[in-house]
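Note that this is a predicted model, so its numbers are computed, not measured.
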Amino acid sequence: MNVSPTALALAASVFLAACTSEKACTQETATKKAADLTAKIQEIAAADPAKLAELGPKIQELATKAAGGDDLQATCTALDEMMAELS
């Protein structure tokens, strides 16, 4: 499976679209997490495309999970899970 780094970066931006409510995770926090995640995805894409392709389905699953509602805390949790998966 060939996962485009651009598609994965777009998945990270989906998280931002889901950020509409205020809870323990703020919009600013979610934005920072998404930016950090995008940078990590690009780093992995450059260094180890095979690893990125391997993690692609999990990343897409987490992106779908976060985009499924307007709960900012769930979005931040999904971003954290995705970053942990990539680390």
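Shown here for Ala30 and Leu72, the closest heavy-atom pair between the two residues is CB-CD1, 3.8 Å. Nearest heavy-atom pair, Cys25 versus Gln73, reported as atom, atom and distance to 0.1 Å: N-OE1, 3.1 Å. Leu86 approaches Ile44 most closely through the heavy-atom pair O-CD1, 3.5 Å.
To the nearest 0.5 Å, the span separating CD1 on Ile41 from CE on Met83 amounts to 8.0 Å. Going from atom NZ of Lys33 over to atom CE of Met82 covers 12.5 Å, rounded to the nearest 0.5 Å.
Residues satisfying the side chain to side chain contact (heavy atoms under 4.5 Å, CB included) test with Asp48, not counting sequence neighbours, are Ala50, Lys51. Partners of Glu85 by side-chain hydrogen bond (donor to acceptor under 3.5 Å, both in side chains), not counting sequence neighbours: none found. Checked against side-chain hydrogen bond (donor to acceptor under 3.5 Å, both in side chains), Thr77 has no partners two or more places apart in sequence or in another chain.
Listed by first and then second residue, the salt bridge (charged side-chain N to carboxylate O under 4.0 Å, His left out) pairs involving residues 34-46 are Lys32-Asp36, Lys40-Glu43 (not counting sequence neighbours).
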